[in-house]
Amino acid sequence: MLLTTTENINGKAYEILGLVKGATIQSKNIGKDFGAGLKSIVGGELRGYTEMMEEARSVATERMVNEAQAMGADAIVCVHFSTSAIMQGAAEVMAYGTAVKFE
């Protein structure tokens with residue numbers, strides 16, 4: 001499955017199938033959350049949260065691709081990610097785009 005943030009795919013004509021999306025809400029365990037709190041005092045990267053967000057983007061992308069495949073899509077154009085805090089230590093990540101079928 002081809003994913004692109006652009007609207008056009010060079011050399012390809014396609015039919016628009018519709019919006020596809022995938023989402024997940026992820027959190028860290030209390031131990032890692034406590035460690036991140038301590039790390040924020042001295043500064044630096046919060047690796048536990050970085051890993052959490054990378055995993056969340058991966059899960060959301062996989063769910064979006066699965067939805068597109070169920071529609072018979074060959075690609076997803078205009079892919080975007082949206083993130084929002086749900087509560088302290090938990091975030092929602094949504095991946096969305098337009099499913100297309102090559103002509």
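These numbers come from a predicted model, not from an experiment.
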Checklist entry - So among E67, R63, M64, which one has a side chain to side chain contact (heavy atoms under 4.5 Å, CB included) with K21? => result E67

Item to check | For L3 against V79, the heavy-atom pair lying closest together | outcome: CB-CG2, 4.3 Å

Checklist entry - Taking the side chain as C-beta and beyond, is there a heavy-atom pair between I76 and V65 under 4.5 Å? => result yes

Item to check | T83 side chain reached by M94 side chain, heavy atoms, under 4.5 Å | outcome: no

Checklist entry - Should V77 and M1 be counted in the same cluster of Ile, Leu, Val, Met, Phe, Trp and Tyr side chains packed under 4.5 Å apart? => result no

Checklist entry - Do side-chain atoms of S58 reach the backbone of E54 as a donor and acceptor pair under 3.5 angstrom? => result no

Checklist entry - More than 12 non-hydrogen atoms from neighbouring residues, nucleotides or ligands closer than 6.0 Å to CD1 on I16, yes or no? => result no

Item to check | Stepwise side-chain contact (heavy atoms from CB on, under 4.5 Å) test for V59 and Q26 | outcome: CA-CA 10 Å; V59 169; Q26 301 256 333; 4.2 Å; yes

Checklist entry - Hey, mind stepping through V20 and M71 against side-chain contact (heavy atoms from CB on, under 4.5 Å) and telling me if it holds? => result CA-CA 9 Å; V20 288; M71 296 170 75; 3.4 Å; yes

Checklist entry - Hey, what do you get for CD (E62) to CZ (R57), rounding to the nearest 0.5 Å? => result 15.0 Å

Item to check | Side-chain heavy-atom pair V93, M53 within 4.5 angstrom cut-off | outcome: yes

Next on the checklist: Within the 4.5 Å heavy-atom criterion, are K101 and Y14 side-chain neighbours or not?
Outcome noted: no

Checklist entry - Could you walk me through whether I9 and T4 pass the side-chain contact (heavy atoms from CB on, under 4.5 Å) check? => result CA-CA 8 Å; I9 302 170; T4 181; 4.2 Å; yes

Next on the checklist: Distance to the ring centre below 6.0 angstrom and angle to the axis at most 45 degrees; does that hold for K12 and F102?
Outcome noted: yes

